[in-house]
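Written below as structure tokens is the structure these notes are about.
Counting starts at 1 for both ligands and their atoms, in listed order. What you see below is based on every heavy atom in this structure, not just the backbone, and it leaves out hydrogens, waters and symmetry mates.
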Amino acid sequence: MASESTVLVIMTGGTICMKPSEAGLVPAKGFLEDGMAPRPSFNDGTEPRVLETSTETGASVSLRSLRTPVSRYQRHIRYAVLEFEQLLDSSSIDAQGWSQIARAIANNYTAFNAFVVLHGTDSLAYTASALSFMLVNLNKPVVFTGSQAPIFELQTDATDNLLDALILASHFDIPEVCICFQHKLFRGNRCTKVSSNQFDAFASPNLPPLATVTSSHVQVDWDMVRRPVSHDKSQTHALNVQMNLDTTHVACLRVFPGMKPEMIDAVLRVPSLRGLVLETFGAGNAPGGPDNALINIFTDAVRRGIVIVNVTQCLTGSVSPLYAPAMVLGRAGIVPGHDLTTEAALTKLSYLLALPDLTSEEVTRRMAVDLRGELTDSGDVSFAGPG
Ligand code: ASP
């Protein structure tokens, strides 16, 4: 007899559920009825069942659930779709939206085997990175997906992405926040959106996929899968959620040839700014500015308690103390972001700044340390810290 696994699908919006309107494509409600129920791969035609769920506000809600046909692994997936009150184009999501997703997962954590989050692709890499930091001790799969074309179109990637996400979340014990796109499962905080129109829209430039779906099987790289670790063996891993990331006191700047030091200084003097992600050239190099003006500006900002993280503009590779300009940034107290993506750096910084009572020195120290598999730790400590 085939078994059954339960998945809560959390619908936040995005192209996957969009329909045309006079103002262009907009998210539409009723995804289970209109998008999934009519498709045989999402509905085996058996009597729908009601599942008791909680909304992100904690209100109880009975949702109609459907079941997929049996998989190659002799399992059905029973799922319900929890739609957010306000569906978003993901370009409008913020830290409040991330907390809403985290709450929806936490409120239904024990009732479901896994979670699939449907989200627009534009800010998907930011949201997945943010959730990877927010969901501490995560012990169940949380798989984000979306699509480049709505599920209602004939030529769409939505059905493949959604089915892969459901299968991966419900059949494989990968307790991480992931992004599933174009038959690959990536660690969420390693991803970046690399195409605005191709179906192959996401890449994980510095880490191979955790799993790949082919016509014959699912290949999981189990050695790479992370699990919560407890230093106290008597402790069980309870999910712990850090809400409200501090995105309002951080900024992100991309350096370019001829950039005026005053411009960077103006950003660093935005009232109550606490952190800056600096996208530098190559292995972490920035222009020094005339008479080292830029370096002095950075040194001064670090002294004022602003945490500055150095990430590379390159898609692959890492910030490293190879060239003099990168060494100078390190000596100014700028923390090397190793191979962090900008998305991971920004959300990690926002997460650390939201933790109570951390000094800027402690935030700086933790930025360079791997927390959720977001960076390949080079073990190089000589680069960090003021000289
Ligand atoms: N603008 C859309 C969004 O991010 C794009 C997409 O979903 O692919 O919500």
What is the closest protein heavy atom to atom 1 (N) of ligand 1, and at what distance does it sit? Asp122 OD2, 2.8 Å

Considering only non-hydrogen protein atoms, determine which one is nearest to atom 8 (O) of ligand 1 and report residue, atom name and distance to 0.1 Å. Thr121 OG1, 2.4 Å

Logged contact type for Ser147 with ligand 1, heavy-atom cut-off 4.0 Å, is backbone

Tell me whether Lys140 forms a cation-pi arrangement with Tyr109, defined as NZ or CZ under 6.0 Å from the six-membered ring centre and within 45 degrees of its axis. yes

Assess whether a salt bridge exists between Glu374 and Arg190, defined as any Lys/Arg side-chain N lying under 4.0 Å from an Asp/Glu carboxylate O. no

Between Asp173 and Arg227, is the closest basic N to carboxylate O distance under 4.0 Å? yes

Do Leu375 and Leu315 belong together in a cluster built from hydrophobic side chains that touch within less than 4.5 Å? no

Below 4.0 angstrom, N of the basic side chain to O of the carboxylate: do Glu279 and Arg254 qualify? yes

Closest approach of any protein heavy atom to atom 6 (C) of ligand 1, naming residue and atom: Thr15 OG1, 2.8 Å

Among all protein heavy atoms, pick out the one at the shortest distance from atom 9 (O) of ligand 1; state its residue, atom name and that distance to 0.1 Å. Ser90 N, 2.7 Å

Ligand-residue contact atoms, ligand 1 with Gly14, heavy atoms, under 4.0 Å: 7 (O), 9 (O)

